[in-house]
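Keep in mind that this is a model prediction, so the values were computed, not measured. FYI, side chains are in, hydrogens and waters are out, and symmetry mates aren't considered; it's all heavy atoms of this structure. The chains referred to below are lettered A, B, ... by the order of the sequence lines, with proteins before strands, and numbering in each begins at 1.
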2 protein chains.
Amino acid sequence: MEYKKTDKAPPQGAQAALRALRLLKLFTPEQPELQLAEVSGRAGLNKTTTHRLLQALHSESMLDRNASNGAYRLGPALMALGVQALSSNDLRLRARPLLKRLAEDSGETATLEVPIDDTMLILDEVTGSHFVGAAGNVGTRWPIHATSTGKALIAFDELGVDRLSEQLASLTSRTITNRRHLEDQIREIRRRGFAETVDELEDGFSGVAAVVRGGTGQVLGALSICGPTQRLSKVRRASLGATLCTAAERLQPRY
Amino acid sequence: MEYKKTDKAPPQGAQAALRALRLLKLFTPEQPELQLAEVSGRAGLNKTTTHRLLQALHSESMLDRNASNGAYRLGPALMALGVQALSSNDLRLRARPLLKRLAEDSGETATLEVPIDDTMLILDEVTGSHFVGAAGNVGTRWPIHATSTGKALIAFDELGVDRLSEQLASLTSRTITNRRHLEDQIREIRRRGFAETVDELEDGFSGVAAVVRGGTGQVLGALSICGPTQRLSKVRRASLGATLCTAAERLQPRY
DNA sequence: CATCTGCTACCATAATATGGAACTTGAGAG
DNA sequence: CTCTCAAGTTCCATATTATGGTAGCAGATG
């Protein structure tokens, strides 16, 4: 059984545990309920093995079952852990006042995002004063290559483009799906310090982002400001980019 | 497809997976960060084994590490899964309008709770019109024996008092810590259909609850109305109890 | 500088997970 | 009403995989 490309660490001797955890990730917002056969198919595991792992997950309340058809879905234990994870995340706590400030000054929505697998997860969000704009997306995830935060991340962190999935999914006509093209952009991002997306994630939606670093300089995630493309001209994006870089630096602990 | 008495089936052949999942539950709001040694101690596992499992959890982003001291804490993957679990829970969706109604009519806070291990998890909450009252507790958990919802649950579900932990923790001077005493109350609850707590969870805080059942009659969780003891006299509790029973029944799917 | 504590790597052992085959149940068709 | 099929569950011999002792490291502490 070969492990996928090294996402983080290549752990050995925990196959069963890893498999169980990966099963959880098969439950997406698009496919919130899965039957045994579907799970086993997607995971590429034997039906028996899958069944055993699902049972374990179920017995710990990580999964729930639909009483009528026996399908599995994410369970209450995850809700509890998720909420707790959010509230015990100190980056999030420290970033909160900054996000507020950014949203207030710009009038747009400000977010804090961190990488997870090949996506960016919205850790926190403060909506701007405009009515039109992103809202209520904490916990959702977007492909790295189609977000400003994601591009900032791969431009500056150690893993770089290795974080990307094999195929770069196309979400709009302007999404970058060509690796070469993306790498050009990354060089540009490194040069000026911030990243931007224009209509690449969603039509009419743009964003600017800068990476957030930890005490030892390691990249933890990214801050962004985003809103309707109409309001985010090239000039304005540049100005917001600079603001974000300053804000992100202020977030880095100094020893 | 009937899974009877052993709600928490004892799955075999998934030891490693189970252990990994249990490790996650060691991270409580009181102890959001744990070092390897602490985890291994609390879990009663060998240090090496624990280390391997933690690595696996970390590699899947279920755990994060504090860069300065290497301590583990709940990670971003759980935030994503948690939010998703909340949004894909149909009981929660269906209960929402009812909770609103209950909160509006009573002026107090209404909650939907489900059991997990030996606690009740607040799945959803609508705060009442009064300023004083519970708020912002979705995702938190309380001991079964000290909550109205918990007592309703063990009075009506199959597992019953088996859900309780060995020792009944004392949270206030009025918390029930004597099993005999608790069983008397349970009989009373069965008789009248709803449960109540008065100053048992927190001084000056009371609640009333009724169980919610699924399509086949199995107990899924409980609805409650709670607020300051001052406002919840015995008479009022009885009236709210009846209201809750009706509301809970309306939530049960009919085939 | 010496010592300690807590984390990680190594590796032989046996306990544990694995998956094939068989059984059960429920649904749908004939 | 019976037959067939699909999906879930149980059983069990096998060897793969997890286990935990010991040892090595690195960063904190005195």
Quick one, Leu86(A) and Asp124(A) - any side-chain contact, counting heavy atoms below 4.5 Å? no

Thr119(A) and Asp117(A): CA distance, side-chain angles, deciding distance, side chain to side chain donor-acceptor pair (under 3.5 Å) verdict: CA-CA 6 Å; Thr119(A) 61; Asp117(A) 300 332; 5.9 Å; no

For the pair made of CG in Leu54(B) and P in dC7(C), what is the distance, rounded to whole Å? 9 Å

Please tell me whether Ser224(A) and Thr111(A) have a donor and an acceptor in their side chains that are separated by less than 3.5 angstrom. yes

Between Leu18(A) (CG) and dA18(D) (C1'), how many Å, whole number? 12 Å

Answer yes or no: is there a side-chain heavy-atom contact under 4.5 Å between Leu159(A) and Ile154(A)? no

dG20(C) C1' sits how many Å from Leu45(A) CG, rounded? 15 Å

I need the CG-C1' distance between Asn66(B) and dG6(C), as an integer number of Å. 15 Å

Within-4.5 Å side-chain heavy-atom neighbours: Ile189(A) and Phe156(A): yes

Between the opening five pairs and the closing five pairs of the helix from dC1(C)-dG30(D) to dG30(C)-dC1(D), how far apart are the helix axes, to 10°? 40°

Check whether any side-chain heavy atom of Glu60(A) lies under 4.5 Å from a side-chain heavy atom of Ile116(B), and answer yes or no. no

Check whether any side-chain heavy atom of Leu78(A) lies under 4.5 Å from a side-chain heavy atom of Leu78(B), and answer yes or no. yes

Quick one: what's the B/S/- string for nucleotides 8-18 of chain C, heavy-atom cutoff under 4.0 Å, read 5' to 3'? BBB-----SSB

Validation row: Leu244(A), Phe194(A) side chains within 4.5 angstrom (heavy atoms): no

How close or far is atom P of dA26(D) from atom CG of Asn69(B), stated in whole angstroms? 19 Å

